[in-house]
Amino acid sequence: MHDIRAIRENPAAFETALNRRGLIGLTDQILGIDESRRAKILASETAQAAQNAASKEAGAAKARGDDAEFTRLRAFVTEQKAEIAAMAAEAAELDSALRDLLMGIANLPLDEVPDGADEDDNVEIRRWGNPRAFDFTPVEHFEIAGIKPGMDFETAAKLSGARFVVLKGAVTRLHRALAQFMLDTHIDQHGLTEMWTPVLVKDEAMFGTGNLPKFADDAYQTTNGWWLIPTSEVTLTNTVAGDVLDETALPIRMTAHSQCFRSEAGSAGKDTSGMLRQHQFEKVEMVTICTPDTALGEHDRMTKCAEAILEALEIPYRTIVLCTGDMGFGSQKTHDIEAWLPGQNRYREISSVSTCGQFQARRMNARFKAAGGKPEFVATLNGSGLAIGRCLIAVVENGQNADGSVDLPAVLHRYLGGKTRISTAGDLE
């Protein structure tokens with residue numbers, strides 16, 4: 001959410017930043033509503049002062065026996081009460097309209113973020129690893145002979161419909177091993193604190209991270225009003241909602257493994273085969289709460305945490321900076337990490353790491369205070385560390401063999417009881 005005082009103080013800078021997002025003319029609309037709201041508040045306060053003065057004068061008139069003046073002043077007070085109530089109601093409506101407008105406007109990009117319209121304008125900043133040279137034509141994950149027995153899309157469709165999967169046997173164990181490996185790495189090597197949070201949240205939590213009101217269609221809501229989280233970013237970030245933290249407690253670095261739920265409302269026709277884009281999936285999330293001046297450093301740190309997972313799994317990847325037209329709603333700057341998928345012969349997103357500045361903190365009223373200082377809003381960051389299903393895809397596609405078996409990364413062997421591969425028949429061995 002944006003600071004209306006900052007917009008008033010420098011509307012040109014705000015409009016310029018919005019223009020980089022492709023949003024034109026909103027500043028004048030914001031300031032117009034704000035001016036009307038403030039005018040109504042001032043008029044209401046002026047009328048209230050006049051009413052208070054008239055009430056005192058009426059008391060004095062009554063005391064000195066001036067019934068005519070008392071009656072006139074009492075009628076004026078009554079009239080003022082009605083006018084004040086009407087003006088207050090109008091001010092409240094304008095305040096609500098201003099809040100709704102500000103709630104629906106995306107975060108402002110940092111100056112260093114490249115301008116652009118869409119993913120074609122993103123900028124690659126580094127690559128790691130060389131894609132494997134296959135002596136056969138690699139196939140996609142759901143076409144690998146040893147993986148087919150462990151990915152049942154037909155049963156999932158019978159149970160739930162499209163964009164679901166039932167995992168079985170060796171693939172299920174690999175999926176679980178990946179989650180455990182990610183958590184252990186983030187906890188033991190990266191210093192993150194493991195959390196376990198609900199997957200059902202209230203409206204306030206979804207508003208806090210920017211999922212509401214703009215992206216309600218992308219989420220699932222239960223009949224009694226809870227929302228199923230699209231990622232544990234929602235719960236982890238909202239753990240500090242409404243708090244005033246001691247600066248010495250920052251940064252707070254958290255990680256959680258959770259189920260995630262997305263309607264994929266805007267993804268009709270995209271990635272319909274396999275388990276690349278699902279309504280229900282699992283992810284290991286990372287969230288950092290810190291001071292605004294340390295946020296960019298934390299952003300780079302968090303990106304390296306996600307990259308380290310892929311490097312340990314020996315998955316080639318590239319890291320890109322998203323342009324202004326491809327950034328998420330709440331982000332000031334985003335790094336996407338894309339894993340090499342030989343079955344598609346392309347890099348695909350496996351992690352998105354964003355710094356949100358104070359944007360989410362304003363929505364959550366999450367603040368910190370230095371010794372002797374005034375409370376100010378924290379900065380928040382979030383990132384995938386990693387999406388488990390997509391990581392599974394990358395592992396099996398990069399490890400596939402001509403006979404349909406799959407060699408598994410060495411770091412996972414201890415999570416698989418010493419097993420090193422999935423056979424052509426779909427068994428761990």
Side-chain angles (χ1 to χ4, degrees), residues 1-42 90-118 121-123 206-216 233 237 241 289-299 321-335 352-368 374-382:
M1 189 171 176
H2 300 284
D3 183 357
I4 185 60
R5 290 173 296 180
I7 299 172
R8 286 191 214 117
E9 291 170 3
N10 199 341
F14 186 76
E15 181 66 16
T16 298
L18 287 184
N19 290 349
R20 296 182 65 208
R21 279 278 205 170
L23 303 172
I24 310 297
L26 286 175
T27 305
D28 288 341
Q29 184 181 355
I30 292 167
L31 293 177
I33 296 173
D34 181 52
E35 184 177 352
S36 297
R37 178 185 67 93
R38 295 170 74 194
K40 288 294 180 184
I41 292 172
L42 178 60
E90 290 175 12
E93 289 180 6
L94 289 167
D95 188 67
S96 179
L98 179 62
R99 179 176 175 81
D100 289 346
L101 180 57
L102 292 175
M103 277 280 195
I105 298 174
N107 201 354
L108 304 182
L110 296 176
D111 292 342
E112 64 201 63
V113 172
D115 290 327
D118 53 36
D121 296 316
N122 295 335
V123 177
M206 295 284 278
F207 272 101
T209 46
N211 301 89
L212 293 180
K214 193 174 182 67
F215 302 103
E233 169 201 347
T237 308
I289 312 295
C290 63
T291 59
D293 61 311
T294 61
L296 278 178
E298 289 290 333
H299 187 226
V321 180
L322 298 192
C323 70
T324 52
D326 199 32
M327 282 168 48
F329 176 79
S331 175
Q332 283 186 322
K333 181 182 179 181
T334 296
H335 289 154
S352 190
V353 183
S354 298
T355 176
C356 301
Q358 297 173 306
F359 185 80
Q360 293 178 327
R362 290 186 185 281
R363 301 169 78 99
M364 299 185 303
N365 193 28
R367 297 174 292 166
F368 75 98
K374 295 181 179 179
E376 60 178 294
F377 292 108
V378 299
T380 64
L381 301 93
N382 63 82

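This chain uses plain numbering: 1 for the first residue, then up along the sequence.
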I need the minimum non-hydrogen distance between His299 and Val353, along with the two atoms involved. NE2-O, 2.8 Å
So CD1 of Ile41 and OG of Ser36: to nearest 0.5 Å the spacing works out to 11.0 Å
Main-chain N/O of Leu110 paired to Arg20 side chain as donor or acceptor, under 3.5 Å: yes
What is the minimum heavy-atom distance between Glu15 and Gly25, and which atoms define it? OE2-N, 2.8 Å
Check against side-chain contact (heavy atoms from CB on, under 4.5 Å), Ile30 and Phe14: CA-CA 11 Å; Ile30 292 167; Phe14 186 76; 3.7 Å; yes
List the atom of Val113, the atom of Cys323, and the distance in Å for their closest heavy-atom pair. CG1-C, 4.1 Å
Determine yes or no for a side-chain-to-main-chain donor-acceptor pair under 3.5 angstrom, with Ser96 supplying the side chain and Ala92 the backbone. no
side-chain contact (heavy atoms from CB on, under 4.5 Å) evaluation trace for Thr380 with Ile289: CA-CA 5 Å; Thr380 64; Ile289 312 295; 3.9 Å; yes
Asp293 atom CG: more than 12 heavy-atom contacts under 6.0 Å: yes
Specify the closest pair of heavy atoms between Asn107 and Gln332, including all atoms of both residues, with the distance to one decimal. ND2-CG, 3.3 Å
One should read off an interatomic distance between Thr324 OG1 and Leu108 CG, to the nearest 0.5 angstrom, of 11.5 Å
Between atom CD of Glu93 and atom CZ of Arg37, what is the distance when rounded to the nearest 0.5 Å? 14.0 Å
What distance separates His2 NE2 from Ile7 CD1, expressed to the nearest 0.5 Å? 6.5 Å
Just do the side-chain contact (heavy atoms from CB on, under 4.5 Å) check on Arg99 and Met1 with the steps written out, would you? CA-CA 9 Å; Arg99 179 176 175 81; Met1 189 171 176; 3.7 Å; yes
Can you confirm whether Asn382 sits close enough to Cys356 that some side-chain heavy atom of one is under 4.5 Å from a side-chain heavy atom of the other? yes
Could you go through the side-chain contact (heavy atoms from CB on, under 4.5 Å) check for Lys333 and Leu296 one step at a time? CA-CA 9 Å; Lys333 181 182 179 181; Leu296 278 178; 4.3 Å; yes
If you look at every heavy atom in Cys290 and Glu298, which pair is closest and at what distance? SG-CG, 4.0 Å
Give, for atom CD1 of Ile4 and atom CG of Leu31, the distance between the pair rounded to the nearest 0.5 Å. 6.0 Å
Thr209 vs Glu233, test: side chain to side chain donor-acceptor pair (under 3.5 Å). Steps then yes/no. CA-CA 8 Å; Thr209 46; Glu233 169 201 347; 5.0 Å; no
Hey, what do you get for OG1 (Thr355) to CD (Gln360), rounding to the nearest 0.5 Å? 9.5 Å
Under a 4.5 Å cut-off applied to non-hydrogen side-chain atoms, are Ser354 and Phe329 in contact? no
Counting distance only, does the side-chain N/O of Arg363 pair as donor-acceptor with the main-chain N or O of Met103 below 3.5 Å? yes
Heavy atoms only: give me the nearest Val378-Gln358 pair and the separation to one decimal. O-CG, 3.4 Å
